[in-house]
Amino acid sequence: MELKPTKTLSGFIELLPLQQRCFDECAARMQRVLKTAGFSHLDLPAIERAEVLTDKDNWDEIETQMFLFQKGDTKMGLRYDGTVGLSRYVAGHMNDLVFPFRAYQFARNYRGERPQRGRYREFYQMDLDIMGIDSLSENYDAEIVATLAAAYDSVAEFIGPVNVRIGNRRFWNAMFEYLNLTSEQCRSAFVLIDKKDKMDDFYDGLVETVGENAAVEINKVFSSGYRSFVGVSDALDSAIREMDEFMVLLDSMGIKNAQIDLGIMRGHAYYTGIVFEFFLDNFPELGAIGGGGRYEDLASKFSKTKIIGVGAAVGFSRLMVALMDENKIDLTPFMRPVRAAVLAMGAGQVPYAMRVVAALRANGITVVPYLDANKKFKNQIEFADKINADYSIIIGENERISEILAVKDMTAGTQQNLNLEQTINLLKTA
RNA sequence: GCGGAUGUAGCUCAGCUGGUUAGAGCGUUGGUUUGUGGUACCAAAUGUCGCCGGUUCGAAUCCGGUCAUCCGCCCCA
């Protein structure tokens with residue numbers, strides 16, 4: 001009989017238990033930080049109506065980017081990020097939410113594109129957003145950045161320190177207005193600046209699209225700094241002041257590892273103000289490990305009410321999987337998940353062994369019993385060794401009759417006879 | 001959609017100037033006297049050498065096609 005394949009589909013991830021424990025611990029810690037900052041957890045459907053996911057009508061084109069399918073007359077698809085569902089949710093439950101509304105998601109998302117390094121077809125993304133109706137102070141932009149920084153900080157012992165670079169769409173809009181660029185030129189300039197770090201002919205490209213004079217000015221932002229544009233126009237002054245105030249606020253929230261970098265654009269998405277990206281100090285070549293920004297109208301597709309927001313997304317799978325693949329995470333804290341293995345030697349010992357197991361578990365001790373009681377002792381202790389149990393609790397006929405336990409320290413190799421209470425005390429103390 | 005690389009045991013790979021029964025390490029299972037693991041030794045099981053076709057007396061090995069995977073480009077809502 002032909003066997004079916006055991007490999008996952010291309011672009012899908014599965015972890016071994018050791019890695020999964022690290023993944024889960026980091027996810028839990030980061031979510032704990034967000035909850036402490038008052039963000040509500042949203043657990044939205046993975047499947048949305050196709051019309052919610054896309055405005056395009058050309059299915060052939062969309063299908064290469066998304067997972068879409070049809071049941072009866074209903075076209076639907078898997079969500080590709082957290083924002084679409086969030087927009088729909090907020091617009092649909094506006095009466096029941098309190099604004100400014102803060103929410104986070106930690107969810108799997110799906111993309112149909114061809115997988116590449118760090119780009120998967122199924123991945124976890126952590127989204128956090130603060131939304132207001134009609135208006136929302138820029139102070140929340142700083143809070144989002146500070147909260148995300150705190151979330152990364154909670155897992156710093158695994159991923160190392162991070163830094164955040166902050167850009168500003170409003171600055172560029174003011175700049176392009178000052179330079180009298182056409183909307184076509186603006187769009188090209190946006191793309192060029194976004195890709196600046198990847199290009200070695202950035203300046204030539206600029207000259208080609210916006211002309212030499214404008215190119216000189218734009219380049220000056222990177223060579224001489226944005227402050228050289230103070231006093232050039234009211235709009236530029238306002239944008240520069242906004243950035244300065246933003247940095248002061250970040251500093252007051254304890255964020256020291258932030259800097260202005262006007263090359264940060266976040267693609268050509270819906271952002272309208274501050275944008276930002278986080279990077280790892282120790283692994284900058286991984287690229288942005290999270291980012292976000294301010295958008296002026298989150299839910300215009302769903303509601304006539306103007307919902308303003310500031311949000312961020314963390315590519316959690318990419319971050320963790322890339323680091324683990326490169327052996328950049330020390331996994332030793334996750335190598336010993338089991339405190340004790342309980343070995344029952346002979347079927348007659350199983351009831352007594354299970355009473356011991358229950359008593360230990362009731363005291364919060366992680367215990368795994370080996371219940372193939374007729375297996376040779378060698379196999380049993382080998383099992384205890386392989387799961388890296390700190391202790392083996394050996395229960396044979398002698399132990400059962402005299403109601404004691406042979407407790408073996410698997411690292412030291414020493415063994416002592418203890419009663420149940422003594423065993424609990426030994427295993428509870430780290 | 002375009003380009004590069006790779007497909008041999010459960011895993012990582014060797015073999016590839018064509019020549020009988022296809023190799024290693026790891027892993028798995030059993031054993032080295034039956035209540036003591038991590039080390040060592042012995043043994044066993046598992047492959048249509050990705051698929052189709054061509055050249056040849058003979059193909060894992062050479063050629064063509066195809067599919068899959070990985071990497072990069074495009075795209076990234």
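We name chains A, B, ... by the order of the sequence lines, and we start the count at 1 in each one. All figures in this text were calculated on a predicted structure; none of them were measured in a lab.
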Would you mind reading off the distance between [X] atom [atom1] and [N] atom [atom2], rounded to a whole angstrom?
X: A:Asn417; N: B:G35; atom1: CG; atom2: P; value: 18 Å
X: A:Arg79; N: B:A77; atom1: CZ; atom2: C1'; value: 16 Å
X: A:Gln416; N: B:G35; atom1: CD; atom2: C1'; value: 18 Å
X: A:Lys195; N: B:C74; atom1: NZ; atom2: P; value: 5 Å
X: A:Arg111; N: B:C76; atom1: CZ; atom2: P; value: 11 Å
X: A:Asn109; N: B:A77; atom1: CG; atom2: P; value: 14 Å
X: A:Asp81; N: B:C75; atom1: CG; atom2: P; value: 19 Å
X: A:Arg119; N: B:C76; atom1: CZ; atom2: P; value: 10 Å

Using the [atom1] atom as the reference point in each nucleotide, state the distance between [N] and [M] in Å, no decimals.
N: B:C51; M: B:U39; atom1: C1'; answer: 45 Å
N: B:G30; M: B:A68; atom1: C1'; answer: 37 Å
N: B:C70; M: B:G23; atom1: C1'; answer: 25 Å
N: B:U61; M: B:A45; atom1: P; answer: 27 Å
N: B:A77; M: B:G4; atom1: C1'; answer: 29 Å
N: B:G37; M: B:U20; atom1: P; answer: 45 Å
N: B:G15; M: B:A59; atom1: C1'; answer: 14 Å
N: B:A22; M: B:U48; atom1: P; answer: 13 Å

Checking base pairs now: Watson-Crick or wobble, both atom distances under 3.5 Å. What partners [N]?
N: B:G18; result: none
N: B:U36; result: none
N: B:U66; result: B:G50
N: B:U28; result: B:A44
N: B:C73; result: B:G1
N: B:A59; result: none

Counting only heavy atoms from other residues, nucleotides and ligands, does the tally under 6.0 Å from [atom1] of [X] exceed 12?
X: A:Glu25; atom1: CD; result: yes
X: A:Tyr140; atom1: OH; result: no
X: A:Gln422; atom1: CD; result: yes
X: A:Arg361; atom1: CZ; result: yes

Query raised in the report: Taking C-beta and beyond as the side chain, do A:Val145 and A:Phe246 meet within less than 4.5 Å on heavy atoms?
Result: yes

Hey, does [X] reach any base, or is it just sugar-phosphate, or nothing, if we go heavy atoms under 4.0 Å?
X: A:Ile394; answer: base
X: A:Glu399; answer: base
X: A:Lys386; answer: sugar-phosphate

Is there a side-chain polar atom (N or O) of [X] under 4.0 Å from OP1 or OP2 of [N]?
X: A:Lys376; N: B:G31; result: yes
X: A:Arg114; N: B:C75; result: no
X: A:Ser10; N: B:C70; result: yes
X: A:Gln380; N: B:G35; result: no
X: A:Lys375; N: B:U36; result: no

So if I take every side-chain heavy atom of [X] and compare against [options], which nucleotide ends up nearest?
X: A:Met66; options: B:C73, B:G35, B:A77; value: B:A77
X: A:Pro115; options: B:C70, B:G72, B:G30; value: B:C70
X: A:Lys408; options: B:U36, B:G38, B:A77; value: B:U36

Query raised in the report: Closest heavy-atom contact between A:Leu68 and A:Ala50?
Result: CD2-CB, 4.2 Å

**Report entry** Toward the 5' end of RNA chain B, by each residue's nearest nucleotide, A:Gly413 or A:Tyr80
**Finding:** A:Gly413

Query raised in the report: Which sits closer to the 5' end of RNA chain B, A:Lys378 or A:Ala389, going by the nucleotide each is nearest to?
Result: A:Lys378

Query raised in the report: If you measure from CZ on A:Phe123 to CG on A:Leu319, what distance do you get to the nearest 0.5 Å?
Result: 13.5 Å

Query - Pair A:Arg266 + A:Glu277, salt bridge at N-O below 4.0 Å - result: yes

Query raised in the report: Can you find an N or O donor on one side and an acceptor on the other, under 3.5 Å apart, linking the side chain of A:Gln415 with the base of B:U36?
Result: yes

